[in-house]
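If you read the sequence from its start, that first residue is 1, and numbering goes on from there.
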Amino acid sequence: MSRADLAFVNGAVYTVDAARSRAQAIAVSDGRISMVGSDDEIRDAVGSETEVVDLAGRMLLPGFQDAHCHPPSGGLDMIQCDLNDFYTEPEYLKIVAEYAERHPERPWIQGGGWYMAAFPGGAPRRAALDAVVPDRPVLLFSRDGHSAWANTRALEAAGISAATPDPPDGRIERDPDGSPAGTLHDGAANLVPAPDPTPEELTEGLRLGQEYLHSLGITAWQDAIVGGFYDTLPTYRRFAETGDLTARVVGALWWDRHRGEEQIEELVELRSTGQVGRFRPTSVKIMQDGIIEGFTAAMIEPYLDADGSPSDRSGPSFVEPAALNRAVTRLDSLGFQCHFHAIGDRAVRESLDAIEAALAANGANDHRHHIAHIQVIHPDDIPRFRRLRTVANGQPLWACYDSQMEELTIPFLGEERTSWQYPFGSLVRSGATLAFGSDWSVSSPNPLEEIHVAVNRRAVPNGLEESGGSRRAFEEVFLPDERLDLETAIAAFTMGSAYVNHLDDVTGSIEVGKLADLTVLDRDLFAHPTDELALAKVDATFVEGRRVFQRDGTS
């Protein structure tokens, strides 16, 4: 018997194979898993040159895979004005003032990460920013990336005034006299001519992003925007060409909703020229709507007004449904995977309709189209995911009560539609394939926190409760019937996401012949109460048997 290069012994190995089997040890040879079994069964594969990791009861899992995230921009947040770890307006203004003082050379102050529930109506005002940075434009995106907080200088640079109409895919918050108040939703933020990050900044952002994701046990992801806001395709290519890209990445090329099918040939060329090493730009990202908090998510029935009566707003379809059907049919015929952003129930339905049109025209295939976010799904559409072989790509960290849910969502949806939110349990029971992602930097990319919420449907303590956040978020279960068991939640972050990324034949489970993309946790998740899931930590991460992260003080 040939000797292994690496062995993990004395552990709780959860394989996530079809049988959801458990083991004690594995061996790795030439970057692939060569044996799975007990310590006794692995012993013969261990030689004098084998690196042996004593798990000492800790859990070994397949490397997590994030089905929807934005690592270059997440890393970029770390080097810009970063508000992500805070929850109140005074904290934000202090950070902005200090950042501006440290960076007098920057003509614009850019960054983001503010929490919508920190402001009345989810809409911060320009006067507050003017008070701390009066002399330069400031543009700071919200944590979900769908709204921007601008000061007067930034609004002036954009030429936004009381006479500026709302764009078709966005909305300008206004004072009673019609003048811009300081918050720009979705396409309205694109009116501001803020400078793009430099190639060097994007490369540093990707480097920092990859390091951070590896520290959370993540070995692969799908980048949900390659192109569009930031043209990160060259960044990924450079990173892959130099061997610095240690993760496996599928890039979702940006669909420009302001253009038509003429862009498809460009996407074909980008797919052809963009594949390097572990990077494959084989998906296309289509934004079909915005977010509920900004009333830009596309709903079948109108939003409610603050008094509970129906409003005149139901949110725009970013791509007209007939045009969406044509585009998806063509993309499908050319072998692209379609990756939809759909928050509202109408956007979800329109995305499913487009997939159905493509399948009717082109026949069944293995492209594995997926719909991300799926915040509100009409019950009639839940069975369609399985029937249309469409993956439900959820971001479970949002599936709980918090201030944003209680103040900016539930009052405007009403009781019935509130009960349709993040229906992960219903999707699984209907036979749908479920994949999980984080949407980082919109929210934490920590899979253990995401799994915690998917299983408990309660928030992860993260500092918000000390900042005036809702106690209900941490104490009350949000839609108990939509909870998942631990096995299903882990599978969504491993095999489910590997399936979306067309990597399930080589990753996503611990099986002989698969690549040794692995993560070591500090505990066996199944041996602890489910309300302690978020307390678990990643001790080490491996890609093809090579250690890409080791937590300080661990072995």
Is there a donor-acceptor contact under 3.5 Å from the side chain of [X] to the main chain of [Y]?
X: E450; Y: L397; result: yes
X: Q24; Y: G11; result: no
X: T232; Y: T235; result: no
X: D402; Y: Q404; result: yes

Practice problem: In sequence, state the C-alpha distance, the side-chain angles, and the governing distance for F86 and W114, and then conclude on ring pair (Phe, Tyr, Trp, His ring centres under 6.0 Å). | Solution: CA-CA 7 Å; F86 300 89; W114 50 271; over 10 Å; no
Quiz prompt | Which residues share a ring-ring contact (aromatic ring centres under 6.0 Å, His included) with F478, sequence neighbours left out | solution = Y401
Practice problem: Go through the steps to decide whether E201 and R106 satisfy the test salt bridge (Lys or Arg N to Asp or Glu O under 4.0 Å), and finish with yes or no. | Solution: CA-CA 14 Å; E201 288 173 329; R106 290 188 177 270; 3.7 Å; yes
Exercise. Decide salt bridge (Lys or Arg N to Asp or Glu O under 4.0 Å) for K514 and E511; before the verdict, give the C-alpha distance in whole Å, the side-chain angles of both, and the deciding distance to 0.1 Å.
Key: CA-CA 6 Å; K514 286 197 169 184; E511 299 182 76; 3.7 Å; yes
[X] versus [Y], closest heavy-atom pair with distance:
X: P396; Y: A454; value: CB-CB, 3.8 Å
X: A364; Y: L359; value: CA-CD2, 4.3 Å
X: I292; Y: A297; value: N-CB, 3.5 Å
X: Q337; Y: V500; value: NE2-O, 2.8 Å
X: P281; Y: L253; value: O-CD1, 3.7 Å

Practice problem: Would you sort out whether Y92 and Y87 count as a ring pair (Phe, Tyr, Trp, His ring centres under 6.0 Å), showing the intermediate values? | Solution: CA-CA 8 Å; Y92 297 149; Y87 296 92; 8.0 Å; no
Exercise. Assess the side chains of N501 and Q222: does a donor N or O sit below 3.5 Å from an acceptor N or O?
Key: yes
Quiz item: If we ignore angles and hydrogens, is there a donor and acceptor under 3.5 Å between the side chains of D66 and S438?
Solution: yes
Practice problem: Kindly compute the distance separating CG (L448) from CZ (F493), expressed to the nearest 0.5 Å. | Solution: 9.0 Å
Quiz item: For R58, which residues count as a salt bridge (charged side-chain N to carboxylate O under 4.0 Å, His left out) partner, sequence neighbours excluded?
Solution: D539
Quiz item: Please, which pairs that meet ring-ring contact (aromatic ring centres under 6.0 Å, His included) have at least one residue in residues 34-73, sequence neighbours excluded?
Solution: H68-H70, H68-H339, H68-H373
Would you please classify the geometry between the [Y] ring and the [X] ring as parallel, tilted or perpendicular, with 30° and 60° separating the classes?
X: W221; Y: H214; value: tilted
X: Y99; Y: H103; value: tilted
X: F436; Y: F424; value: perpendicular

Practice problem: Decide yes or no on salt bridge (Lys or Arg N to Asp or Glu O under 4.0 Å) for E406 and R472, but give the supporting numbers first. | Solution: CA-CA 9 Å; E406 292 189 63; R472 188 183 187 189; 3.5 Å; yes
Quiz item: Do R551 and V538 touch side chain to side chain, with heavy atoms closer than 4.5 Å?
Solution: no
Quiz prompt | Flag if over 12 foreign heavy atoms under 6.0 Å of CG, D30 | solution = no
Exercise. Using a cut-off of 6.0 Å, state whether more than 12 heavy atoms not belonging to R20 lie near its atom CZ.
Key: yes
Quiz item: So, do F549 and Y212 have ring centers that fall under 6.0 Å from each other?
Solution: no
Exercise. Kindly confirm or rule out a cation-pi arrangement of R368 over Y499, judged by NZ or CZ under 6.0 Å from the six-membered ring centre and within 45° of its axis?
Key: yes
Practice problem: Test D244 against R238 for salt bridge (Lys or Arg N to Asp or Glu O under 4.0 Å), laying out the working first. | Solution: CA-CA 9 Å; D244 292 320; R238 287 192 300 269; over 6 Å; no
